[in-house]
Amino acid sequence: MTTTHSRARRAGFAAFVGTTIEWYDFYVYATAAALVFGPLFFPSDDPLAETAAAFATFAIAFLVRPFGGILFGHIGDKLGRRVSLVITLLLMGAATVLVGCLPTYETIGVMAPILLILLRALQGLAVGGEWGGAVLMSVEHAPEKSKTFYGGFTQLGNPAGALLASGVFAIMTRFGDDFIINGGWRIPFLLSIVLIGVGLWVRYRVEESPVFEQKIEGRKQSMPLAFALRNNWKPILLGIGLLPISTGGYYLATTFATAYATGEPISINAQVILDAMTIASFIEFVVTLPVAWLGDKWGRKNIMYLGLATSVLTFAPFMLILPGRVEPLIFLFASLVRIAMSATYAPIAAILAQMFRPQARYTSIALSYGVGAAIWAGFSPWFATQLIAWTGDIWSVIAMFTGMAVLAAICTRLAPQHSDEAPATASFTARTDTTGIRQP
């Protein structure tokens with residue numbers, strides 16, 4: 001199987017554009033959940049209860065992500081990665097625009113949160129199939145020695161989407177809280193319709209994955225889900241264990257930190273924390289590809305270990321300085337923790353993709369990432385909020401974060417890696433990668 005850098009660049013760019021749009025849609029909801037969805041859709045006399053309820057709807061998307069992985073993984077393993085990615089982009093865009101059109105609790109009562117939950121579930125279904133397919137399009141197009149770098153293009157979409165989402169809301173806050181509450185919050189959701197058109201145009205211009213074309217397409221296959229559960233259950237479990245910081249830790253440092261900083265008793269101005277998150281997203285965007293490039297030079301697992309350690313060392317002081325309301329320190333540590341986390345996120349695309357053999361790879365990676373995200377990202381902000389309520393101490397959240405990092409390090413060490421350039425057997429099983437010394 002041959003791959004070229006020019007084909008890999010086209011696939012990487014398409015993965016970047018598509019995932020940017022998908023994550024923009026996802027983070028727009030996350031930011032709105034932290035700032036306005038509580039009082040608008042879950043009004044209560046207790047602000048903490050409003051925030052917890054909003055974060056519970058945030059978690060709904062993660063609960064349905066595994067089902068999105070199964071559905072779109074099946075399509076991607078049977079019909080091709082590109083077909084699946086076009087459908088996920090359309091589904092995500094439609095759900096996001098409809099959230100922007102929803103009437104609030106004040107207008108239609110209990111139907112408002114019910115409809116919000118249903119649309120959030122559709123977002124989760126779409127992103128459950130999106131990430132795995134985008135990863136495979138970028139990694140499977142890449143030469144063997146550059147897979148971490150080109151996989152980084154998919155990961156680049158995350159900070160880019162977060163940058164767009166927090167940036168739009170940061171602009172909104174300049175018009176005042178009344179503007180946001182009274183309808184300004186809808187604007188970021190409605191903007192998605194423009195982004196979807198751009199994403200579809202870019203994705204239609206990219207060739208199908210060479211791994212699918214040369215090792216899967218036209219051959220007799222078992223059901224992808226059955227094959228994945230029968231043959232890939234061990235790496236699927238390890239993949240779930242790889243993700244606590246790359247997914248859950250990320251939301252602790254962004255969504256939870258935003259709610260913690262702007263809520264009682266800290267009460268930092270929302271504009272300050274949103275500006276800090278916007279700058280941090282931009283810095284993460286800048287460093288993601290260089291970090292992915294280092295993954296091919298130093299070993300993608302080594303970069304992961306480095307990121308896990310530095311994430312703990314930056315997250316703890318970030319949480320501890322927030323009550324002091326010293327704005328320069330808030331901006332500094334918001335950025336430092338995102339730089340550290342980029343080293344846990346940039347290499348994860350290549351690590352997860354190469355944990356599985358070609359057959360049922362889309363289903364396997366989508367299941368692993370979807371279940372992992374449901375567990376770690378879906379509940380981390382909510383559970384952290386409950387820990388604060390139970391203990392009254394931010395150290396309980398820091399301890400949880402540290403335990404998540406330790407688990408991720410252990411699973412990274414145990415994760416297998418396969419080579420796409422090794423010949424496939426009759427069952428499409430690639431030989432285990434022999435570059436384990438270079439990329440331990």
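Bear in mind that the values here come from a model prediction, so they are computed numbers and not experimental data.
Looking at Lys147, its side chain never comes within 3.5 Å of a backbone N or O of Ala350 through a donor-acceptor pair. Distance alone, capped at 3.5 Å, places no donor-acceptor pair between the Thr247 side chain and the Ala373 backbone. In this structure, the side chain of Arg186 engages the main chain of Gly100 through a donor-acceptor pair within 3.5 Å. A donor-acceptor contact shorter than 3.5 Å is absent between the side chain of Lys301 and the backbone of Ala409. Using modelled atom types, one side-chain atom of His141 and one backbone atom of Met137 make a donor-acceptor pair closer than 3.5 Å.
Between Ser192 and Thr96, the side chains place no donor N or O within less than 3.5 Å of an acceptor N or O (distance only, hydrogens not considered). With hydrogens and angles left out, the side-chain atoms of Arg361 and Asn232 include no donor and acceptor closer than 3.5 Å. Side-chain contact of Ser146 with Asp296: a donor-acceptor pair under 3.5 Å is absent, judged by distance alone.
Each salt bridge (charged side-chain N to carboxylate O under 4.0 Å, His left out) pair with one or both residues in residues 369-397, not counting sequence neighbours, would appear here, but there are none. For residues 115-134, the set of pairs meeting the ring pair (Phe, Tyr, Trp, His ring centres under 6.0 Å) definition, not counting sequence neighbours, comprises Trp131-Tyr369. Residue pairs satisfying the ring pair (Phe, Tyr, Trp, His ring centres under 6.0 Å) criterion with at least one member in residues 91-127, sequence neighbours excluded, are absent. Screening residues 312-355 for ring pair (Phe, Tyr, Trp, His ring centres under 6.0 Å) gives Phe315-Phe401 as the qualifying pairs, with residues at least two apart or on separate chains.
Legend: residues meeting side chain to side chain donor-acceptor pair (under 3.5 Å) with Ser138, ordered by chain and number and at least two apart, are Thr154. In terms of the side chain to side chain contact (heavy atoms under 4.5 Å, CB included) criterion, residue partners of Pro159 (sequence neighbours excluded) are, by chain and number, Glu284, Phe285, Thr288. Scanning for side chain to side chain donor-acceptor pair (under 3.5 Å) contacts around Thr254 gives an empty result, with sequence neighbours left out. Remark: Pro290 engages no residue in a side chain to side chain contact (heavy atoms under 4.5 Å, CB included) (not counting sequence neighbours). In this structure Asp275 satisfies the side chain to side chain donor-acceptor pair (under 3.5 Å) test together with Arg174, sequence neighbours excluded. Residues meeting the side chain to side chain contact (heavy atoms under 4.5 Å, CB included) test with Ser368, sequence neighbours left out: Ile236, Ile240, Leu352, Phe356. The side chain to side chain contact (heavy atoms under 4.5 Å, CB included) test applied to Val86 returns Leu90, Leu200, Tyr204, not counting sequence neighbours. Thr344 is linked by a side chain to side chain donor-acceptor pair (under 3.5 Å) to nothing, counting only residues two or more places apart in sequence or in another chain.
Centroid-to-centroid, the aromatic rings of Phe379 and Phe383 stay 6.0 Å apart or farther.
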Determine, stepwise, if the pair Gln417 / Arg300 fulfils side-chain hydrogen bond (donor to acceptor under 3.5 Å, both in side chains). CA-CA 11 Å; Gln417 296 286 271; Arg300 58 182 76 117; 2.6 Å; yes
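With a 4.5 Å cut-off on side-chain heavy atoms, Met404 and Ser380 count as touching. Inter-residue side-chain proximity for Cys101 and Leu190 is flagged as met; some heavy-atom pair is nearer than 4.5 Å. Inter-residue side-chain proximity for Leu367 and Leu225 is flagged as met; some heavy-atom pair is nearer than 4.5 Å. In this structure the side chain of Leu116 reaches within 4.5 angstrom of the side chain of Tyr29, judged on heavy atoms. The side-chain heavy atoms of Asn158 and Thr19, taken from C-beta on, include no pair separated by under 4.5 Å. Taking 4.5 Å as the limit, some side-chain heavy atom of Tyr24 sits within range of a side-chain heavy atom of Leu191. Thr88 is not listed as a side-chain neighbour of Val127, based on a closest heavy-atom distance of 4.5 Å or more. Between Tyr260 and Ile266, some side-chain heavy-atom pair lies under the 4.5 Å cut-off.
For the pair Ala280 and Ala334, the tightest heavy-atom approach, listed with the atom from each and the gap, is CB-O, 3.4 Å. Across all their heavy atoms, Leu102 and Leu115 have their closest contact at CD2-CB, 3.6 Å.
Both the sub-6.0 Å distance and the 45° axial angle are not jointly satisfied by Arg81 relative to the ring of Tyr362.
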